[in-house]
Engineer: 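Mind looking over this structure? Questions follow.
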Amino acid sequence: SLAAILAAAVFGLLPAWLASRTDLNDALKQGTRGSTSGAHHRLRHALIVIEVALALVLLSSAGFFLRGLDRFVSRDHGWRTENLLTASLNLPSVRYPDAVAQLAFYDRLQTRLTALPGVTQVALSRTLPFYGFGFGQRFIVEGRPVPEPGKEPQRDVNYVSSGYFDTMGIPLVEGRIFSPASDLKGPEPTLIGESMARQLWPGESAIGKRIAHPVDLGWLEVIGVVRDVSFASNLGKPTGRFQTYRFLERDPAQEIVLSLRCTVPLATLTDALRRAVAELDSELPVNAIRSAVEAVEQNIANYELTGRLLFGFALLGVLLAAIGLYGVISGFVVQRTNEIGIRLALGAQVRDVLRLVLGQGVRLALIGAGFGLAGTFGVARGLTALVPGLPAAEVMTGVGVTALLMAVAVVACLVPARRAMRVNPIAALRAE
């Protein structure tokens, strides 16, 4: 950020400062011969080209970043955030010391929350897609050679209730979801993400296949395949691990997350949710009550702040580029006042003068834009490499930013151009 400010200041203000040092009397007396050396001209022009190029790169990068965030939020993540209220509970070990007490509370809680007006579905889980899965584990596949220790594939695990997938809006691709009637006893079941099923068992069904931890060899039988979900905490970038689910009722926990699918405004359910939990346990606080949309926005807040800062520095660069262009074109008008007067005296039209002056500024801006575009998409690729979950840059964003910068350049050149159009030919000839 500091480097961007310094670069913008140097390349934006230096040309304007050089232009301000032009001796007006000298320029008017010497006319087209000019008072500034060709090297001086070339230096100022080169600085303007560099400033425009850097401004375009900064502005395009900010545009790509902010548009990428917007597209990430609005894209399909494999689960539905709308009309979803979430909260968390931490069951004290004093009152809920074992699985029996925890499961009894789960049952009463789900029954009570489902009865709330406007609540259509309720689910419990250990985590939500806002944060990514927890409990990463290595695993082996039944009937496959066992890899060397430490080289086994990895999977992420979330412990969920039977209503989790319907409540979160995660589609079932194959098989079935957890059922208290059949999955509380016997071989432990698991559901897996579709990418895991596709990669481990290509061309065949994953249902009935088994996986296990390489040490304890507690086999899990695949009973269903669900759609993969992306996480807000890392902009949905791949974690390199497969997604799996285990039945929460077979392995309860003290820390759980509530998910409520609602048909009424979520704000109206906050107090009702607290009262419902208090009826079951008056000493149990309900934490982090918020909508899924709010949770996603909070998880990408740091990215949004970075994008806004980048956009602010980009606007500063554009402003300084405009100041630099104004200074250079103003100097150009002063140095060629006599020539402009002669042209007008010989019958040149005002539009010819406008074309002459604007052409000088637009030419510099176009050259700078050309260099800037060459670097813009390279920077965009660097952004997507730095933040893998960020969607790829859009061509139209680059085109729109370039058009905006060119419009700013034309406006910056219009003031000195209008001054040139008002040159009095007789006064200019007398000065010669």
Side-chain angles (χ1 to χ4, degrees), residues 77-79 99 125-162 164-165 168 170-179 182-253 255-257 299 381 384-390 392:
H77 296 281
W79 58 287
S125 61
R126 290 200 187 180
T127 185
L128 291 172
F130 315 148
Y131 319 110
F133 285 12
F135 316 105
Q137 296 178 356
R138 297 187 179 276
F139 69 95
I140 59 175
V141 180
E142 186 180 35
R144 305 277 178 89
V146 178
E148 297 180 13
K151 295 185 177 180
E152 301 93 348
Q154 297 186 68
R155 66 191 181 99
D156 286 328
V157 185
N158 190 9
Y159 291 78
V160 303
S161 66
S162 57
Y164 177 83
F165 301 100
M168 299 300 294
I170 301 175
L172 179 68
V173 177
E174 181 186 11
R176 64 176 179 85
I177 60 175
F178 296 124
S179 169
S182 56
D183 294 328
L184 290 178
K185 296 181 180 180
E188 185 170 356
T190 185
L191 276 84
I192 64 175
E194 58 184 338
S195 62
M196 179 176 179
R198 187 167 51 247
Q199 292 185 44
L200 294 183
W201 298 284
E204 59 179 313
S205 173
I207 305 302
K209 302 298 192 295
R210 299 204 305 171
I211 61 175
H213 189 278
V215 177
D216 61 29
L217 293 180
W219 292 102
L220 304 174
E221 182 178 338
V222 177
I223 63 169
V225 178
V226 295
R227 185 170 177 190
D228 293 333
V229 298
S230 61
F231 311 134
S233 59
N234 58 0
L235 282 187
K237 64 185 178 185
T239 62
R241 298 194 291 261
F242 297 122
Q243 298 177 7
T244 63
Y245 302 86
R246 296 176 71 171
F247 200 11
L248 181 65
E249 276 83 344
R250 289 193 65 146
D251 193 358
E255 296 185 13
I256 57 172
V257 178
N299 274 275
R381 284 194 293 270
T384 54
L386 183 64
V387 188
L390 200 67

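Note that this is a predicted model, so its numbers are computed, not measured.
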Engineer: Can you name the side chain to side chain donor-acceptor pair (under 3.5 Å) partners of Glu174, sequence neighbours left out?
Structural biologist: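 If we apply the side chain to side chain donor-acceptor pair (under 3.5 Å) test to Glu174, skipping adjacent residues, the hits are Ser205.
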
Engineer: Would you say the side-chain atoms of Arg138 pair up with the backbone N or O of Glu152, donor to acceptor, closer than 3.5 Å?
Structural biologist: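 Such a contact is found between Arg138 side chain and Glu152 backbone.
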
Engineer: Compare all side-chain heavy atoms of Phe247 with those of Ile177 and state whether any distance is below 4.5 angstrom.
Structural biologist: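 Phe247 vs Ile177: side chains apart.
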
Engineer: Is a side-chain N or O of Trp79 found less than 3.5 angstrom from the main chain of Phe165, in a donor-acceptor match?
Structural biologist: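 It does not hold such a pair.
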
Engineer: Going by the rule salt bridge (charged side-chain N to carboxylate O under 4.0 Å, His left out), which residues pair with Glu142 if we only count those two or more places apart in sequence or in a different chain?
Structural biologist: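 Result, salt bridge (charged side-chain N to carboxylate O under 4.0 Å, His left out) vs Glu142: Arg210.
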
Engineer: Among pairs that include at least one residue of residues 183-210, which meet ring-ring contact (aromatic ring centres under 6.0 Å, His included), considering only residues two or more places apart or in two chains?
Structural biologist: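 Listed by first then second residue: nothing to list.
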
Engineer: Give the intermediate values and the outcome of side-chain contact (heavy atoms from CB on, under 4.5 Å) for residues Tyr159 and Ile256.
Structural biologist: CA-CA 9 Å; Tyr159 291 78; Ile256 57 172; over 6 Å; no

Engineer: Which heavy atom of Pro171 sits nearest to which heavy atom of Gly78, and what is that distance?
Structural biologist: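 Smallest interatomic distance, heavy atoms only, reads CD-O, 3.8 Å.
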
Engineer: Using the side chain to side chain donor-acceptor pair (under 3.5 Å) criterion, which residues pair with Glu249? Sequence neighbours excluded.
Structural biologist: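 So Glu249 forms no side chain to side chain donor-acceptor pair (under 3.5 Å) with any residue.
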
Engineer: By salt bridge (charged side-chain N to carboxylate O under 4.0 Å, His left out), which residues pair with Asp183, not counting sequence neighbours?
Structural biologist: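 Salt bridge (charged side-chain N to carboxylate O under 4.0 Å, His left out) list for Asp183, sorted by chain: Arg176.
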
Engineer: Please report the closest heavy-atom contact between Pro147 and Ile140, naming both atoms and the distance.
Structural biologist: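 Residues Pro147 and Ile140, closest heavy atoms: CD-CG2, 4.2 Å.
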
Engineer: Run Arg250 and Phe178 through side-chain contact (heavy atoms from CB on, under 4.5 Å) and show every step you take.
Structural biologist: CA-CA 11 Å; Arg250 289 193 65 146; Phe178 296 124; over 6 Å; no

Engineer: Ser182: what forms a side chain to side chain donor-acceptor pair (under 3.5 Å) with it, not counting sequence neighbours?
Structural biologist: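 In terms of side chain to side chain donor-acceptor pair (under 3.5 Å), with neighbours along the sequence ignored, Ser182 is linked to no residue.
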
Engineer: Are Met168 and Ser125 close enough that some pair of their side-chain heavy atoms sits under 4.5 Å apart?
Structural biologist: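 No, too far: nothing below the 4.5 Å cut-off.
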
Engineer: Could you pull out all residues at least two apart from Ala99 that satisfy side-chain contact (heavy atoms from CB on, under 4.5 Å)?
Structural biologist: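 For Ala99 the side-chain contact (heavy atoms from CB on, under 4.5 Å) partners, ignoring immediate neighbours, are Pro252.
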
Engineer: Quick one: list whatever passes side chain to side chain donor-acceptor pair (under 3.5 Å) with Thr244, sequence neighbours left out.
Structural biologist: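 Partners of Thr244 under the side chain to side chain donor-acceptor pair (under 3.5 Å) test: Arg155.
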
Engineer: Any chance you could measure Ile207, atom CD1, to Glu221, atom CD, to the nearest 0.5 Å?
Structural biologist: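 Reported to 0.5 Å precision, the distance equals 9.0 Å.
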
Engineer: What residues, two or more places apart in sequence or in another chain, satisfy salt bridge (charged side-chain N to carboxylate O under 4.0 Å, His left out) together with Lys151?
Structural biologist: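 Salt bridge (charged side-chain N to carboxylate O under 4.0 Å, His left out) list for Lys151, sorted by chain: Glu148.
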
Engineer: What donor-acceptor contacts under 3.5 angstrom involve side-chain atoms of residues 189-196, with partners at least two apart or in another chain?
Structural biologist:
| unit_1 | atom_1 | unit_2 | atom_2 | d |
| --- | --- | --- | --- | --- |
| Thr190 | OG1 | Tyr245 | O | 2.7 |
| Ser195 | OG | Asp228 | OD2 | 2.8 |

Engineer: Excluding sequence neighbours, so at least two apart, what forms ring pair (Phe, Tyr, Trp, His ring centres under 6.0 Å) with Phe139?
Structural biologist: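 Per chain and number, Phe139 pairs via ring pair (Phe, Tyr, Trp, His ring centres under 6.0 Å) with no residue.
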
Engineer: Would you say the side-chain atoms of Gln243 pair up with the backbone N or O of Val229, donor to acceptor, closer than 3.5 Å?
Structural biologist: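 Looks like yes, one N/O pair under 3.5 Å.
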
Engineer: Kindly write out the residues that satisfy ring pair (Phe, Tyr, Trp, His ring centres under 6.0 Å) with Tyr164, not counting sequence neighbours, or none if the list is empty.
Structural biologist: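 Counting only residues at least two positions away or on another chain, Tyr164 forms no ring pair (Phe, Tyr, Trp, His ring centres under 6.0 Å).
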
Engineer: Can you name the closest pair of heavy atoms from Leu128 and Val257 and give their distance?
Structural biologist: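 Here Leu128 and Val257 meet closest at CD1-CG1, 3.2 Å.
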
